Amino acid sequence: MLPGPAHRLYNQAEAAMASGQLEQAEMLMERALRIEPRNALYWHTLAQVKYDKGEFEQTVQFCLKSESLARDNPELHNVNRILMERADKRR
Amino acid sequence: MAKSPQVWYIPVPVGRAEATAAEQAQSPGDLSCFAQGSKYLKNTTENMTKMTVRRPLITLAAAILLISSLASGLYVLRLDGVIREKFDGKRWSLPAVVYARPLELYAGLAFSPKMLEDELQLAGYRNDSDDSRPGGFRRQGDTIHIVSRDFQYPSGPEKSERITVRFTADRVQAIEQTGTAVPLDLVRIDPARIGSFHPIEHEDRLLLQRAELPDLLIKTLLAVEDQHFFEHRGVAPSSIMRALLANLRAGSTVQGGSTLSQQLVKNFYLSNERTLLRKINEAIMALLLELHYSKDEILTAYANEIFLGQDGGRAVHGFGLASQFYFRRDLADLSAEQVALLVGIIKGPTFFDPRKKPEDCHKRRDLVLGIMHSHDIINEAEYRQATAAPLIRDGQIMSGFNRFPAFLDLIKRQLRQEYREEDLQSEGLKILTTLDPQVQWQVERHLARTLTDLEKQAGRSQLEGAAVVTNRENGEILALAGGRQATAGGFNRAIEAKRPIGSLIKPAVYLTALGQGYTLASPLEDRAVVLQEKGAKTWRPENYDKKEHGRVPLYLALANSYNLATINLGLKIGVDKVIATAAALGMPGKPEPYPSFLLGTAEMSPLEVSQMYQTLASDGFFIPQRAITSVLAADNTLLKRFGLSVEQRFPAETIFLLNTALQRAISEGTAHSLSRYLPAATAVAGKTGTTDNLRDSWFAGFTGDRLAVVWVGRDDNTPAGVTGSSGALPVWGEIMRALHPQTLALQQPPGIEWAKIDKQTLAAPGLFGADSTLLPFLAGTGPDRETILPSLDTEKIEKKAKGVLNTVRGWFE
C-alpha cells in the first residue's frame, strides 16, 4: 500500500518519540489521524505514545481502536496484543 | 491562570473607566487628590496665624503662593502617577482570539479551487497579482499560488511558504513549492481568525514592536503629524503658535498644534472635550511622558494606540490591525499610497473613511503623498505611481469579524469553565479550535434555505432549527448552528434548546436487545399495549400510522420506527437496562425508568444528541467531543491542550448489527426520502425522530466521514407541522449533499456472518421463498441454524456477544 498523505507526520512522530518528545509526538499523531482517521497503524502509534507517557488505560483503549480498524493485518494484531499486555500489567 | 512574563502583563487595572476617573479627580470641584496635603496645610495655616499680627498682607500673599505652589506640585505629582501607572502597566487589554482549524492540503483531497479561495479570503489573505509577500494568493484557472503566513502552532512555529496548488475535477491534484517545483506532500495553511472575546463595544489591535514599524510609515507619520518629534520635549510652543495663527486666519480649526506625545496622552487618558483645563493637563502630561520614556517607546505606544476605523462594534486601533483591516497585509508590506491612507485618516477616521467617504479619503491620501514627496520620502516616479493607484480594491476591506457567533458561544462556554471572564477579555490568549469553515458555511446556508422552503407549505411557520456536525472518528465539532439566522447570535438552540428526542432514543433500546442476544431477525410484537403506572394516567402508545404491524423482525421495527414493537421490546429487556445503554452512549443525566423513556421523553440538546450518536458513529467507542484543541498564551507558550481520548463501550459486533439496521432506516425505513439528496451507495446510517403533535423534528446520522444532528421545531414549543423525515431530514440531506460525503463502509468484525431470512416467516428462506433479505448475524445465531427465540438461548448468544472482550481479557490473564 502506498503511504498516505499523513505519512510524513507519522515518521516525525516516531522520531519525536525516540527522542522523548512525547507531547510533540502526540500532537503529530492526532494531526495524522485528522487526515487519515481510519489508519489502524496510526491509532496504534498513538497507543505507543500513551504508553510512553504512562497512560496505560488509554494505551489499551487506543490499541482496541486500532484493532477495530486493523482488518487482516496479523503484524498489527500482534503488536497491539503485546502492547495491551504490557499496559495491562502496569495499570 | 498562569501569568505570562510578557511586558504588558503587570496586573494594573487600566482602561477607559480609569481614564474617566482620572479626569474626575482633575476637575476643579474635586479636591480629594489634595487629601494628604490638606492636613499639612492646616498645620501651616495655624503657624502662620501667629505671624499675621505684624504683616498681614505679606503673610496672606505668601500663604497663597505657598498653597498654590504646593497644590500645583501635588497636582503634577498626581498626573505623573497617572502617566506612569498606565505606561508601566498593562497598556492594553487584548481579547482572546479564536482561530478556525488550519486547512490541511494534500494531493487527492476533495477540495475545489473555489473552496480554497473562500477559505483564504476568510483568513484575511488578499487576492492580488502581487503574490510575493506572505498573506497573498493568485488564482489562474485551476491553479492557485499562495504565500502562506508564519503561524505559531502548539507544536512550534511554521514558516511562511510559497506554494502552488493544482486542481483537477474539484480535487487537489498536486502541491509544489512555487518557483522550484519541488513537490510537497502535505501543506498546512495558517488558520483564519474567526473571532475574539471582548465587551460588546471594544477596541481591537495587533500589537507591534518598534522594530516592526517600517521607516516609510514613521517618516510619513512625523512629516504629517509632528515634524519636530525628535527635538521637542513633549510640547512644541512654536507649532501651537503656528496653529493658532492659522486657525485665527481661517476662523475655524484647520490645524492642530499637538505633538504625537500630546495626541497619545489625549488618547490614553483624556476625554475628547475641548476645555482649557484639558489642554493644560494634556501639555503637562505630555511633558511628563517625555521625561520618563524614550522617543521610541512613545512612538511605539502611539502606533499601537491610535484609532483608525470602525468595524461594527469593533474599533480598529493601531497601524498593525488597520493594515490587516484595510489592506489584508502586514504593515511592513504596505506601498506608499497605503501608508499615506493610514497616516491620512488619523485626522478623522470617520470623516475620511475609505468605505463611506472615498472622495474625501482619496484627496486626503494624495495630500499626504504630496507631503511625502516634498519631504523626499518618495521620489517623483514613486509619487506619480502612488497617486495613480486606486484607493482600495473591491472586497479588500475585511469585515464580519465574529462571523460564527453560535460556534464562538460554544467555545466561550467551554473556556468559562477554565478561565475567568476578565482573562478572556484581556490576556491575549489564542484559542485554536476545530471549526471547519467549509462545513460551517454549508450548515448555515442549508439550514436557513431549507427552513424557508419548508415554510412554503401551509401550517408551517416560524420554524427554527439547529445543527451540529462532527468528525466521525475523532469527535471534533466541525460546525454548529444555533438558529436559522446564523450571524444573529442570541439563543443558541444547538446548546440551549433541550427537547424530547423522540425516536432518536430507539437505537439505545435495540442496542440493549442486541447485547442481550436478540438478532436483527428476532421477531418482535408490534401490538397495542396499555400501561398503568401507580398514580399516573393510563397510557396507550400508538404507532405514527396508528396501525399495528403484528410480528416484525427487529431490524424492521427499528428501520420503520415502530413504537409498539419498541415498547414491548423495551419492557421485556428492562427500561433500566436501556437507560444504562443510553448513558454509556453519552446521554447526560439519570432519568427515572418509566416506560415512556423508551419512546424518547428524555429532553436533550442537539449537541448532547450528537455526543450519543458519536459513540455509534465511531463503532462503539465513546469519544468526548471537542471544539477546542489548545490554548496558547499571548507569548505563544502552550497553556492547555485538549487531546483525543477513546473508550470502547460496546462490542464491535453488536454495534455493527445496530449500525446495519440504521442503514436500513435509510434504504427502506422512515428515512428513505434521503435518496433525494444522496445516492444509495453513500450507505448513510441514521434515525428520524418526531415528538407528540409534530412539535420536534429530528434527524441524526453519519456518513463515512461525518456525523450530523439536526433539530427543527418552534421556539414556543407549539406543533411545527413537520416529522423527522419531512423537517430535519431535508436539512440534513442538503447539508450533507453539499459536503460530498464519503461512503459509510462499516468495519465488519471477524465474528459476523451474513444470512438470508424470509421476511414473512423470519426464518431461513425455503426453496420458493420470494421475499427475503440479507442480514448480518453473530456467528452461530443465523436463522438456518436454530430458532431465534431469545428467551430460549439468551445465555449462549450473550456469551458470543461478549466474545471479543473476553478474548481481550484472556490476553491479560
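Keep in mind it's a predicted model, so treat the numbers as computed, not measured. Convention: sequence-line order gives letters A, B, ...; per-chain numbering from 1.
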Looking only at atom types and distance, does a side-chain atom of [X] sit under 3.5 Å from a main-chain N or O of [Y], one as donor and one as acceptor?
X      : Y      : result
A/R8   : B/D185 : no
A/K65  : B/S618 : yes
B/Q648 : A/Q61  : no

Heavy-atom pair of closest approach, residues [X] and [Y]:
X      : Y      : answer
A/Q58  : B/L644 : OE1-O, 4.3 Å
B/S645 : A/F62  : CA-CZ, 4.0 Å
A/I35  : B/Y106 : CG2-CE2, 3.4 Å
A/S68  : B/Q747 : O-CG, 3.0 Å

Taking the basic N atoms (NZ, or NE/NH1/NH2) and the acidic carboxylate oxygens, is any pair closer than 4.0 Å for [X] and [Y]?
X      : Y      : answer
A/E30  : B/R641 : yes
B/D619 : A/R38  : yes
B/E104 : A/R31  : yes

Do B/R101 and A/R34 touch side chain to side chain, with heavy atoms closer than 4.5 Å?
-> no

Can you measure from CG (A/L69) to CD (B/E473) and round to the nearest 0.5 angstrom?
->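 The CD atom of B/E473 is 6.0 Å from CG of A/L69, to the nearest 0.5 Å.
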
Which atoms of [X] approach chain A - backbone, side chain, both or neither, heavy atom under 4.5 Å:
X      : result
B/Q748 : neither
B/P154 : both
B/L109 : neither

Should the heavy atoms of other residues, nucleotides or ligands under 6.0 Å from CG of A/D72 be counted, would the total exceed 12?
-> no

